[in-house]
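Note that the structure is predicted; figures quoted are calculated from it, not measured. For this chain, numbers begin at 1 and follow the sequence in order.
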Amino acid sequence: MPNLNNNQNNFYGADGNILDTKQLKSFLHIKGDATLWRYLKEGRIPQPKFSVSRSKRLWALDEVEAHLSKFSGGDK
């Protein structure tokens, strides 16, 4: 889990896991930032739930998994 400062401690997915950009890319098995941002633009992954800065964004793991399941046709 990433190191968070006090004002971000209340941001957790239902299972308590969050992903930063680097962790999300690893989870999705992609290497480049361009691919990640293209996936965001195309709606393949959900928008980040919290932006610390322009380069630091956080996603709830459970929401990413649910979105991926829906996008791949798991829950239609």
A.B. asks: Could you state the interatomic distance from CD1 (Ile45) to CD (Glu65), rounded to the nearest 0.5 Å?
C.D. replies: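 Going from CD1 on Ile45 over to CD on Glu65, the span is 13.5 Å.
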A.B. asks: Indicate yes or no: at least one non-hydrogen side-chain atom of Phe27 is less than 4.5 angstrom from one of Leu68.
C.D. replies: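 When only atoms from C-beta onward are counted, Leu68 and Phe27 do touch, with a gap below 4.5 Å.
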A.B. asks: Taking side chain as C-beta onward, heavy atoms only, is Leu24 less than 4.5 Å from Leu58?
C.D. replies: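 When only atoms from C-beta onward are counted, Leu58 and Leu24 do not touch, as no gap falls below 4.5 Å.
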A.B. asks: Nearest 0.5 Å please: distance from the CG atom of Asp20 over to the NZ atom of Lys25.
C.D. replies: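 So the gap between those two atoms works out to 9.5 Å.
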A.B. asks: Could you state the interatomic distance from OG1 (Thr21) to CH2 (Trp37), rounded to the nearest 0.5 Å?
C.D. replies: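 Those atoms lie 4.5 Å apart.
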A.B. asks: Under 3.5 Å, side chain of Trp59 to main-chain N/O of Pro46, donor-acceptor pair present?
C.D. replies: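 Yes.
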A.B. asks: If I compare all heavy atoms of Gln23 with all of Ile18, which pair ends up nearest, and what's the gap?
C.D. replies: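 Minimum heavy-atom contact is OE1-O, 3.7 Å.
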A.B. asks: So how far is it from Asn17 CG to Glu63 CD, rounded to the nearest 0.5 Å?
C.D. replies: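 Rounded to the nearest 0.5 Å, the CG-CD separation comes out at 12.5 Å.
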A.B. asks: Please report the closest heavy-atom contact between Lys49 and Ala60, naming both atoms and the distance.
C.D. replies: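 Where Lys49 meets Ala60 most closely, the heavy atoms are CG-N, 4.4 Å.
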A.B. asks: Can you check whether Leu36 reaches Ile30 side chain to side chain, under 4.5 Å on heavy atoms?
C.D. replies: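 The answer is yes, as the side chains (C-beta and beyond) meet within the 4.5 Å cut-off.
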A.B. asks: Any donor and acceptor pair, going by atom type alone, linking the side chain of His67 with main-chain N or O of Gln47 inside 3.5 Å?
C.D. replies: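 No: the side chain of His67 does not pair with the backbone of Gln47.
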